[in-house]
Asks: 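Here it is, the structure, as structure tokens.
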Number of protein chains: 2
Amino acid sequence: MEAIEILNQHKLRVTNTRLLVLNFLMAQQKAFSHADLEIQFSKQINRVSIYRVLYTFLACKILCKFVDSNARVLYVFSAQSQHQDEHPHFKCNQCDQVIHLPQLPQDYIALLKEHQVEQLHLLVEGVCKDCLGEEKMK
Amino acid sequence: MEAIEILNQHKLRVTNTRLLVLNFLMAQQKAFSHADLEIQFSKQINRVSIYRVLYTFLACKILCKFVDSNARVLYVFSAQSQHQDEHPHFKCNQCDQVIHLPQLPQDYIALLKEHQVEQLHLLVEGVCKDCLGEEKMK
DNA sequence: AATTTAATGCAACATCATTGCAAATATAGA
DNA sequence: TCTATATTTGCAATGATGTTGCATTAAATT
């Protein structure tokens with residue numbers, strides 16, 4: 001799907017800023033921080049606008065947001081409506097690729113049955129299949 | 001165990017600053033951000049010193065550090081050496097109590113077998129047993 | 001008590017995030 | 001296609017958060 005279609009689908013105005021950011025994020029399965037995007041678009045978009053575009057996309061669930069182990073907030077495109085709620089992510093430490101993971105098994109959550117679970121944030125970091133493959137090639 | 005013993009055990013100098021912070025954190029099973037502690041000790045300890053005390057305690061594993069869903073870095077006392085490595089936490093949204101959880105089951109991690117898992121960060125948020133109990137009392 | 005070594009406070013700075021407002025731009029309707 | 005309206009953007013200012021260097025103070029060792 002095209003970026004412009006996605007904006008229309010969510011009844012968002014089609015602006016240059018939004019197209020730039022969305023096309024960029026759609027082009028790769030990587031997660032970016034605000035700082036990353038700020039550098040990427042330093043000549044074209046104001047920092048504050050980037051914050052606002054991210055905020056808007058997040059509200060529409062065009063993007064997923066998660067926090068890495070260094071408390072960096074990362075944004076990644078999520079082929080929309082596919083991932084409704086908060087879900088686990090795998091992030092490759094080498095290529096920064098992000099993979100959306102299935103929910104945790106119920107029997108683990110059942111361990112917590114005395115408590116009422118509201119949210120569950122899981123981030124797995126490591127080396128992805130592709131990068132492992134490349135290492136073997138060498 | 002007393003705060004002073006813990007400091008000795010880790011060959012850390014026993015200073016007023018460290019005793020204040022450690023006693024405070026040991027007295028309750030809650031997680032605090034740097035900002036929380038800064039407010040708590042605003043009259044007694046310099047902000048920078050709080051950063052440095054936290055850094056030192058973390059290196060000794062006297063504290064656990066984790067990041068919540070709002071990218072706030074939280075510190076919680078951990079009866080030491082009990083929790084060697086990174087492990088999941090449950091944080092109560094009502095009383096802020098933090099409970100240290102067991103590691104994830106291997107069969108979930110096995111799901112990721114194509115990838116090489118290096119770190120795994122899990123934070124569960126919800127309402128703890130105690131707070132649920134109190135609600136029923138009303 | 002004197003010496004050595006480490007910790008603290010302070011000031012300055014760097015980074016990251018938010019807000020209000022005026023100017024620019026996208027959309028809807030004539 | 002032009003105009004009116006509502007939204008988005010850029011800019012400036014501010015606030016929050018985190019880091020560093022250095023002089024001073026305090027803890028441990030002898």
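Residue numbering restarts at 1 for every chain, and letters A, B, ... go by the order of the sequence lines. Just the heavy atoms: all of them, side chains too, but no hydrogens, waters or symmetry mates, feed the values below.
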Asks: Rounded to the Å, how far apart are A/Leu7 CG and D/dT7 P?
Replies: 17 Å
Asks: If you take any heavy atom closer than 4.0 Å to DNA chain D, which residues from residues 43-50 of chain A end up in contact?
Replies: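 Close to the strand are A/Gln44, A/Ile45, A/Asn46, A/Val48, A/Ser49.
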Asks: Rounded to the nearest angstrom, tell me the gap between atom CZ in B/Arg18 and atom P in C/dA6.
Replies: 11 Å
Asks: Please state how far atom CZ in B/Phe57 lies from atom P in C/dT8, giving the value in whole angstrom units.
Replies: 9 Å
Asks: What is the distance from CG of A/Leu54 to P of C/dA17, rounded to the nearest Å?
Replies: 10 Å
Asks: List the protein contact pattern of nucleotides 23-30 of chain C with one symbol per nucleotide (5' to 3'): B for base contact, S for sugar-phosphate-only contact, - for none; contact means a heavy-atom distance under 4.0 Å.
Replies: ---BS---
Asks: Would you say the base of C/dG9 and the side-chain of B/Arg52 have a donor-acceptor pair closer than 3.5 Å?
Replies: yes
Asks: By nearest heavy atom, map B/His34 and A/Lys11 onto DNA chain D; which one lands nearer the 5' end?
Replies: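 Closer to the 5' end of DNA chain D: A/Lys11.
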Asks: Calculate the interatomic distance between B/Arg72 atom CZ and D/dG18 atom P; express it in whole Å.
Replies: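 It is 10 Å, rounded to the nearest whole Å.
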Asks: Go through the side-chain N and O atoms of A/His87 and A/Gln103 and say whether any donor and acceptor fall under 3.5 Å apart.
Replies: no
Asks: Once you round it to whole Å, what is the distance between P of C/dC16 and OH of A/Tyr55?
Replies: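 About 22 Å, once rounded to whole Å.
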Asks: Taking only residues two or more places apart in sequence, or in another chain, which ones meet A/Tyr51 in a ring-ring contact (aromatic ring centres under 6.0 Å, His included)?
Replies: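 Applying ring-ring contact (aromatic ring centres under 6.0 Å, His included) to A/Tyr51 gives A/His34.
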Asks: Rounded to whole angstroms, how far apart are CD1 on A/Ile39 and P on C/dC16?
Replies: 9 Å
Asks: Using only atom types and a distance under 3.5 Å, with no angle test, would you say the side chain of A/Thr56 pairs donor to acceptor with the backbone of A/Arg52?
Replies: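 Side chain of A/Thr56 to backbone of A/Arg52, a donor-acceptor pair under 3.5 Å: yes, one is there.
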Asks: To the nearest 0.5 Å, how far apart are SG in A/Cys95 and NZ in A/Lys30?
Replies: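 If I round to the nearest 0.5 Å, the distance is 6.5 Å.
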Asks: Would you please name every residue forming a side-chain hydrogen bond (donor to acceptor under 3.5 Å, both in side chains) with B/His115, sequence neighbours left out?
Replies: none
Asks: Among all residues two or more places apart in sequence or in another chain, which pass the salt bridge (charged side-chain N to carboxylate O under 4.0 Å, His left out) test with B/Lys91?
Replies: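 With neighbours one apart ignored, the set is B/Asp96.
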Asks: If you group Ile, Leu, Val, Met, Phe, Trp and Tyr whenever their side-chain heavy atoms sit less than 4.5 Å apart, what else falls in with A/Ile39?
Replies: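 A/Ile39 clusters with nothing; isolated.
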Asks: Expressed as a whole number of angstroms, how long is the span from B/Phe41:CZ to C/dG9:C1'?
Replies: 17 Å
Asks: Would you please indicate if the ring centroids of A/Phe32 and A/Phe24 are separated by under 6.0 Å?
Replies: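 Here the rings of A/Phe24 and A/Phe32 have centres that are less than 6.0 Å from each other.
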Asks: Could you pull out the closest heavy-atom pair between B/Ala31 and B/Val98, with the gap in Å?
Replies: CB-CG2, 3.5 Å
